[in-house]
Amino acid sequence: MHASAALGRISPSPTLAITSRVLELKRAGVDVIGLGAGEPDFDTPDFVKEAAIQAIRDGKTKYTNVDGTIELKQAIVAKFARDNNLTYTTDQISVNVGGKHTLFNAMVATIDPGDEVVIPAPYWVSYPDVVQFAGGVPVIVKAGPEVGYKLDPAALDAAITPKTKWVILNSPSNPTGAGYTIDELRALGAVLAKHPHVWIFADDMYEHIVYDGFKFATIAEACPELFERTLTVNGCSKAYAMTGWRIGYGAGASWLIKAMAKLQSQSTSNPCSIAQAAAVAALNGDQSFLAERNTAFQGRRDLVVSMLNDIDGMHCPTPEGAFYVYPSFAELIGKTTPNGRLIDTDEAMVGYLLDDAKVAVVQGAAFGLSPAFRISYATSDALLREACTRIQTACAALK
């Protein structure tokens, strides 16, 4: 007996590996600051928790429809109408066990061996692995700091072939926080309009976490002509601080939603019934707390960007959204640590910061673009200031 070839095409999540390493070090009494986890430090809102408790009391503990209760699908339909000016019916909605599950279902349900999926880099770590698991070929298109970490329309056009099945767009982005404006989406839409065989996977998980008056738009809204071949994906994890509740969802063509439900019926079956009840409350409830949390996130972003840009040899662009920064340290490559270790890769830099500065960040190589690392600033101002001070000290010690 041995592991399958499909399993051999994927790697364990590097971001989850960093989180596990931080927990190990903390258990051993090491004063380590973990900036690797992609989850808000805020608690789930009380009104959402109360809805879950009420659902338990009401006995909503049985199986539901495979891909979501009708109440949750209706709440998602209402959310897309309210926030994105998109009109869906409940048979166009799929509810899944987190956004990663939506991605998995969509790719496995549609990809044949050799199909290509265009993925801008830096990308969320799971995109290429899930495509490869499904038998597809990730086509990685570099989108570095010189283009604001955003996919260039000409580069997109050049990457599309007759084998392209999907292009994945993530805005605001994990790991960079870069957000596409409506005009930028329309420029990409003009390219995609020329290639009617290509579908769009729009990952909007960080939609509500935006700064400086940035106006979020999703591509099906910006380019109505692409509506029929776009899967618009979102979830409760980030905006509502519900990472552990595991509710993601997608909206798209009813045949695709049916195909994803077929796969889900033989894998996970329905998402947790209690988490679904909580998600109904989150989507239908008072959204005013989002602005308050964004103000806190924006202050943290400004603190981290400013402290990282004070480091000689580091360049940290200011993101439009999410709660990540993705500083490039190209000018520090080739330097050595006080212990004589050469900083020649992302892994070397991240290892140095963990061992010497006791700060855990995630190497850029995990996201497909080096030399860089990702910091999640979803933690307290005090911890962020201390972490950035440690990074400054460690970088100043490089020779």
Side-chain angles (χ1 to χ4, degrees), residues 3 7 10-44 98 100 122 124-126 129 174-175 237-238 241-246 296-297 300-301 303-304 307-308 310-311 313-314 316 322-327 329 332-333 335-368 370-399:
L7 198 65
I10 63 173
S11 319
S13 164
T15 49
L16 295 179
I18 294 281
T19 305
S20 300
R21 178 94 176 95
V22 168
L23 290 173
E24 272 171 40
L25 289 167
K26 283 185 173 171
R27 275 196 295 269
V30 178
D31 172 28
V32 63
I33 300 176
L35 301 180
E39 63 179 348
D41 58 321
F42 297 112
D43 197 5
T44 304
K100 194 178 287 193
W124 180 44
V125 294
S126 295
D129 279 80
N174 175 3
S237 293
K238 311 302 179 179
M242 292 174 68
T243 49
W245 298 75
R246 310 309 303 132
F297 276 137
R300 296 166 178 185
R301 177 203 66 171
L303 169 72
V304 172
M307 288 187 76
L308 292 177
D310 280 344
I311 298 170
M314 199 169 285
C316 184
F323 38 70
Y324 308 106
V325 291
Y326 199 76
F329 59 92
L332 299 178
I333 291 286
K335 291 186 179 275
T336 51
T337 71
N339 298 337
R341 184 178 178 189
L342 181 66
I343 301 291
D344 55 350
T345 61
D346 293 354
E347 285 82 357
M349 176 60 113
V350 167
Y352 171 55
L353 293 178
L354 185 56
D355 296 340
D356 288 46
K358 303 292 184 277
V359 177
V361 298
V362 187
Q363 65 274 19
F367 307 101
S370 305
F373 55 83
R374 187 192 80 172
I375 281 178
S376 166
Y377 54 83
T379 190
S380 72
D381 288 33
L383 275 179
L384 290 171
R385 190 170 281 108
E386 172 62 21
C388 289
T389 302
R390 292 182 188 186
I391 294 170
Q392 287 176 342
T393 305
C395 289
L398 296 171
K399 298 182 183 66

Would you mind reporting whether Leu25 and Lys358 have side-chain heavy atoms less than 4.5 Å apart?
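No, their side chains stay 4.5 Å or more apart.
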Could you report the tightest heavy-atom contact between [X] and [Y], atom names first, then the distance?
| X | Y | result |
| --- | --- | --- |
| Ala365 | Asp346 | N-OD2, 2.7 Å |
| Ala360 | Leu354 | CB-CD1, 3.9 Å |
| Asp41 | Ser380 | OD2-N, 4.0 Å |
| Cys395 | Met349 | SG-CE, 4.2 Å |
| Lys238 | Thr243 | NZ-CG2, 4.5 Å |
| Pro40 | Phe297 | CB-CZ, 4.1 Å |

With Pro14, which residues qualify under side chain to side chain contact (heavy atoms under 4.5 Å, CB included), at least two apart?
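If we apply the side chain to side chain contact (heavy atoms under 4.5 Å, CB included) test to Pro14, skipping adjacent residues, the hits are Val125, Gln363, Ala366.
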Kindly write out the residues that satisfy side chain to side chain contact (heavy atoms under 4.5 Å, CB included) with Asp344, not counting sequence neighbours, or none if the list is empty.
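Result, side chain to side chain contact (heavy atoms under 4.5 Å, CB included) vs Asp344: Leu342, Ala348.
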Within the distance-only criterion (no hydrogens, no angle test), does the side chain of [X] pair as donor or acceptor with the backbone N or O of [Y] below 3.5 angstrom?
| X | Y | value |
| --- | --- | --- |
| Ser376 | Leu35 | no |
| Tyr352 | Thr336 | no |
| Arg300 | Thr379 | yes |
| Arg374 | Gly36 | yes |
| Gln392 | Met307 | yes |

Give a yes or no on whether Arg341 atom CZ has more than 12 heavy-atom contacts from other residues, nucleotides or ligands under 6.0 Å away.
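Count over threshold, so yes.
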Per the side chain to side chain contact (heavy atoms under 4.5 Å, CB included) rule, which among Thr337, Leu332, Ile333 passes with Lys335?
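When side chain to side chain contact (heavy atoms under 4.5 Å, CB included) is applied between Lys335 and each of Thr337, Leu332, Ile333, only Leu332 qualifies.
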If we check side chain to side chain contact (heavy atoms under 4.5 Å, CB included) with Val362, which of these qualifies: Phe373, Tyr324, Phe367?
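Single side chain to side chain contact (heavy atoms under 4.5 Å, CB included) partner of Val362 among Phe373, Tyr324, Phe367: Phe367.
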Option from Asp31, Asp356, Asp355 for which salt bridge (charged side-chain N to carboxylate O under 4.0 Å, His left out) with Arg390 holds:
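Only one option passes, and that is Asp31.
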To the nearest 0.5 Å, what is the distance between CG (Leu384) and OH (Tyr377)?
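Rounded to the nearest 0.5 Å, the CG-OH separation comes to 10.0 Å.
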